[in-house]
Amino acid sequence: MENRNFMNVDTKNSELIPEEKISLNFIEEIIEKDLANGKNGKRVLTRFPPEPNGYLHIGHAKSICLNFGIAQKYHGKTNLRFDDTNPTKEDVEYVDSIREDIHWLGFNWDAEYYASDYFEQLYQWAIQLIKEGKAYVCELSQEEASLYRGTPTQPAKASPYRDRSIEENLDLFERMRQGEFPNGKMTLRAKIDLSSPNMHMRDPIMYRIIHQVHHRTGKKWCIYPMYDYAHGESDSIEGITHSICTLEFEVHRPLYNWFVQTLKIHAPQQIEFARLNLSYTVMSKRKLLQLVQEKYVSGWDDPRMPTICGLRRRGYTPESIRLFADRIGVAKRDNVIDVSLLEWCIREDLNARAQRVMAVLNPVKVIITNYPEGKGEELEAVNNPEDESMGKRKIKFSKELYIEREDFMEDPPKKYFRLSPGSEVRLRYAYFITCTNVIKDSQGNITEIHCTYDPASRGGNSPDGRKVKGTIHWVSIQDAVDAEIRIFDRLFKVPAPDNVEEGHTFLENINPDSLEIRKNCKVEAFLTKAWQSPLAHFQFERLGYFSIDPQSKNEQRLIFNRTVNLKDTWAKENAKA
RNA sequence: UGACCAAUGGUGUAAUGGUAACACAACGGUUUUUGGUACCGUCAUUCCAGGUUCGAAUCCUGGUUGGUCAACCA
């Protein structure tokens, strides 16, 4: 058997995204304007700032492609910064997975930082604000603080601690740091505007007390900065020019600006875009975590999950996800992207690059009655009709074959092009065969299909030029290899699983039939050791795109995941009827 | 009903005062040794009402609808 090079898509370079896009998205417009005006010294520095408290999903991929993509386009750089300001939620486990996923997507960050790297600087800046009378230590309980804050239509009531002396604030803040007080006893608040219609400006909390070991700073700190206090300054320290985030941070922007302006430090520009929503799935970390913890899926990397690791295991390529990110665009309005676009992207990529192979998922035996007993031969098959350079391979043919049970019907409807009694079809790359007899067991199940073949049609064409409408795939029984194949459907049965009425939960929208495991599939001998190539992607002809599951290598047996089916207009037509 | 943001085909994204474009989906067709791929065709006068203008998806005013914000989460 020749041509053993299983396709490893990570080493092949297919560029699906055109160099020059005709139009710019609104963020690129802002950047080009800034560049033209010489702002930031004509420099572009973006950042991707995940909190290490969960796995990355396709929504993060949008943000990653945006931040890294913009830097590449404008010859700038991108930092990876872990936003690790809350030790109660974060863990190194997530840091590693985030790094892996970004690399896998095909991006390299220019520098890696942690918000916790800046804890000392942030602390010094807090002291500066206290000294300027712009921050104070507040002893309101959480409940009291909430009450005092008012509502969007009612102004806040001043904390009784708002007008402490600078000396007292300095002393208390220092003692907070030294660990003198329990969790929740005090906070440091910025003194801004109690009557602001923007709730975030009503003396927001800068620091809270959390006696907990931090995954990087250990026991060094027991006070931790809030996102709003840490994020802008972290951007500023790194010299970020454009701080791109999702829409829900829009109302935080005045506060972001207040901190960097009040501290008189470099002021990056925060720009918000609409996060990705995908039909038939959920995207919130909380819900994904719930799916994992309550065992609705096998883990974060379950092939049905919208996580990067889930998509990877499912067989999605980095190229397909980048193509997807490019096609969905970037704007400020809420959106729900149809999963069919994601599916189109992976088909688009794999159609051009995937090794073709024959596999039978639901086998039924075919016996070629006029084929000589004991005879075997090798036939030639094209590895990829879209790419001649991938060459050809030999496939074994013999008297006994498996074909797909769905490719035979005793009593076929109109326009059924496949095998049925008396009809002639082509076995792909092999011969024309005609069904002459059907053998059934006592239950009436078909156990064997008897056919005759036309020896003159070797390779799949008849010298007399007669046309055969149907072509079906097959494997030789004596040469086929066993495989387990996992077929996935959407995890949710409705387009918007989040959209539930009062008293109901998204879990009720779970599709109970999203996983189907087929244990006795038969695949072409070409795939014998496909598990040695864990990143291999294949097209099983007429069925879809499949890739090796990592479990396959551990168990040294073939396990494939169906990434996506092929478009199937026949199935669609039938569904209508 | 406070502030902020958004509104263009079924779904997204463009059009930057001058003929509403592209992709996915859907539907119809051509080609085909994958009912795949490729190719062709069909599918919107831009939330509403006024205004500015020779001319408005775009600018202005008012409405409507949707989203975000009242964690010591990010």
Side-chain angles (χ1 to χ4, degrees), chain A residues 21-25 29 49-51 53 83-86 88-90 115 138 140-142 145-147 149-156 183-189 196-202 204-210 223-224 226-228 230-231 245-254 272 274 279 285 326-338 340-345 347-348 351-352 356 358 381-382 385-386 415-418 426-430 432 459-461 468-473 495 539-544 565-574:
Chain A
K21 268 175 69 175
I22 308 105
S23 58
L24 305 174
N25 66 47
E29 276 179 13
E51 183 186 16
N53 71 341
D83 225 333
D84 56 350
T85 57
N86 186 351
T88 65
K89 293 189 168 185
E90 296 147 9
C138 180
L140 250 26
S141 71
Q142 200 165 150
S146 175
L147 250 35
R149 195 152 28 231
T151 69
T153 49
Q154 293 170 303
N183 289 356
K185 176 73 179 159
M186 292 175 183
T187 58
L188 183 73
R189 294 229 251 162
S196 171
N198 183 339
M199 301 295 288
H200 296 281
M201 300 301 274
R202 320 240 272 222
I205 291 172
M206 295 164 59
Y207 274 93
R208 74 287 213 195
I209 299 169
I210 304 174
I223 56 172
Y224 290 91
M226 296 287 289
Y227 166 86
D228 281 311
H231 203 89
C245 62
T246 47
L247 242 32
E248 64 269 28
F249 293 102
E250 220 158 16
V251 285
H252 294 242
R253 190 178 350 118
E272 309 87 9
S279 64
K285 251 180 209 177
D326 182 67
R327 291 308 175 90
I328 59 179
V330 180
K332 292 189 77 159
R333 69 168 131 159
D334 296 311
N335 60 81
V336 183
I337 308 289
D338 201 306
S340 65
L341 181 63
L342 220 208
E343 294 175 344
W344 176 82
C345 289
R347 287 195 193 106
E348 178 79 358
N351 175 53
R356 268 60 167 179
M358 291 203 282
V382 173
E386 305 293 318
K415 296 209 283 184
Y416 183 80
F417 305 148
R418 287 110 99 145
R426 173 171 29 239
L427 292 176
R428 176 144 236 232
Y429 298 124
F432 288 3
N461 276 311
V468 163
K469 185 77 178 167
T471 301
I472 63 174
H473 60 275
Q539 184 194 100
F540 291 180
E541 296 223 31
R542 303 211 301 135
L543 296 175
N565 62 325
L566 253 26
K567 254 170 68 176
D568 189 347
T569 49
W570 166 245
K572 199 154 52 180
E573 231 170 88
N574 279 336

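Reminder, nothing fancy here: chain letters follow the sequence lines and each chain counts from 1. Reckoned from all heavy atoms, side chains included, excluding hydrogens, waters and symmetry mates. Please read these numbers as outputs of a predicted model, since none were measured by experiment.
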Selection from [options] that lies nearest to any side-chain heavy atom of [X]:
{"X": "A/Asn86", "options": "B/A14, B/C73, B/C72", "value": "B/C73"}
{"X": "A/Trp570", "options": "B/G35, B/A74, B/A23", "value": "B/G35"}
{"X": "A/Arg149", "options": "B/C72, B/A23, B/A74", "value": "B/C72"}
{"X": "A/Pro385", "options": "B/G35, B/C73, B/U34", "value": "B/U34"}
{"X": "A/Lys567", "options": "B/G35, B/A38, B/A25", "value": "B/A25"}
{"X": "A/Arg208", "options": "B/C72, B/A38, B/U34", "value": "B/C72"}
{"X": "A/Thr471", "options": "B/A74, B/A14, B/G35", "value": "B/G35"}
{"X": "A/Ser340", "options": "B/U34, B/C24, B/A71", "value": "B/C24"}
{"X": "A/Thr569", "options": "B/A74, B/G35, B/C72", "value": "B/G35"}
{"X": "A/Asn351", "options": "B/G12, B/U37, B/A14", "value": "B/U37"}

Contacts of type ring-ring contact (aromatic ring centres under 6.0 Å, His included), residue [X], not counting sequence neighbours:
{"X": "A/His231", "result": "A/Tyr227"}
{"X": "A/His200", "result": "A/His252"}
{"X": "A/Tyr429", "result": "none"}
{"X": "A/Phe432", "result": "none"}

Check every strand shown and say whether [X] touches a base, only sugar-phosphate, or nothing at a heavy-atom separation below 4.0 Å.
{"X": "A/Glu51", "result": "sugar-phosphate"}
{"X": "A/Leu188", "result": "nothing"}
{"X": "A/Ser196", "result": "nothing"}
{"X": "A/His252", "result": "base"}
{"X": "A/Val468", "result": "nothing"}
{"X": "A/Gln539", "result": "base"}
{"X": "A/Lys415", "result": "base"}
{"X": "A/Val382", "result": "nothing"}
{"X": "A/Met186", "result": "nothing"}
{"X": "A/Tyr207", "result": "nothing"}
{"X": "A/Tyr416", "result": "base"}
{"X": "A/Asn461", "result": "base"}
{"X": "A/Ile205", "result": "base"}
{"X": "A/Pro254", "result": "nothing"}

Does A/Thr471 have any side chain to side chain donor-acceptor pair (under 3.5 Å) partners at least two apart in sequence or in another chain, and if so, which? A/Arg426
Return the set of residues passing side chain to side chain donor-acceptor pair (under 3.5 Å) with A/Arg202 (not counting sequence neighbours), or none when no residue passes.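 By the side chain to side chain donor-acceptor pair (under 3.5 Å) rule, A/Arg202 matches no residue at all.
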For the residue pair A/Trp570 and A/Lys415, what are the closest heavy atoms and their distance? CZ3-O, 3.3 Å
Nearest heavy atom decides the nucleotide; on that basis, is A/Asp338 or A/Arg428 closer to the 5' end of RNA chain B? A/Asp338
Return the 5'-most residue of the pair A/Ala274, A/Thr187 with respect to RNA chain B, ranking by each residue's nearest nucleotide.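 On the 5' side of the pair lies A/Ala274.
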Rounding to a whole Å, what distance do you find between [X]:[atom1] and [N]:[atom2]?
{"X": "A/Glu248", "N": "B/C73", "atom1": "CD", "atom2": "C1'", "answer": "12 Å"}
{"X": "A/Glu348", "N": "B/U37", "atom1": "CD", "atom2": "C1'", "answer": "10 Å"}
{"X": "A/Ile328", "N": "B/A25", "atom1": "CD1", "atom2": "P", "answer": "16 Å"}
{"X": "A/Glu90", "N": "B/C73", "atom1": "CD", "atom2": "C1'", "answer": "10 Å"}
{"X": "A/Arg542", "N": "B/U37", "atom1": "CZ", "atom2": "P", "answer": "14 Å"}
{"X": "A/Asn335", "N": "B/U68", "atom1": "CG", "atom2": "P", "answer": "13 Å"}

Chi class for B/A71: syn within 90° of 0, otherwise anti: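 Syn, since the glycosidic angle lies within 90° of 0.
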Each nucleotide in nucleotides 1-6 of chain B should get exactly one letter: B, S or -. Can you fill that in based on protein heavy atoms under 4.0 Å? SBS-SS
Please confirm whether any donor atom in the side chain of A/Arg418 sits under 3.5 Å from an acceptor in the base of B/G35, or the reverse.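 Present.
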With no angle test and no hydrogens, is the base of B/U34 tied to the side chain of A/Arg356 by a donor-acceptor pair under 3.5 Å?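 Under the 3.5 Å cut-off, the side chain and the base do form a donor-acceptor pair.
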I'd like to check the salt bridge (charged side-chain N to carboxylate O under 4.0 Å, His left out) partners of [X]; sequence neighbours left out, ordered by chain and number.
{"X": "A/Glu90", "value": "none"}
{"X": "A/Arg418", "value": "A/Asp407"}
{"X": "A/Arg347", "value": "none"}

Extract from the structure each pairing of a protein N or O with an N or O of nucleotides 62-64 of chain B at less than 3.5 Å, listing the distance.
none

Mind checking whether [X] and [Y] have side chains closer than 4.5 Å, heavy atoms only?
{"X": "A/Val382", "Y": "A/Arg356", "answer": "no"}
{"X": "A/Met201", "Y": "A/Pro254", "answer": "yes"}
{"X": "A/Leu342", "Y": "A/Ile337", "answer": "no"}

Does a side-chain N or O of A/Lys572 approach OP1 or OP2 of B/C27 to a distance below 4.0 Å, or not?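 Answer is yes, contact under 4.0 Å.
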Considering just the side-chain nitrogens and oxygens of A/Arg327, establish if one lies under 4.0 Å of OP1 or OP2 belonging to B/U13. no
Any luck finding a side-chain donor-acceptor pair between A/Arg542 and A/His473 under 3.5 Å? yes
Checking side-chain polar atoms at under 3.5 Å, does A/Ser196 have a donor or acceptor matched by the opposite partner on A/Asn198? no
Using both pair distances under 3.5 Å as the test, note the stems of at least 3 consecutive Watson-Crick or G-U pairs that include RNA chain B. B:2-7 with B:64-69, B:10-13 with B:21-24, B:26-30 with B:38-42, B:47-51 with B:59-63
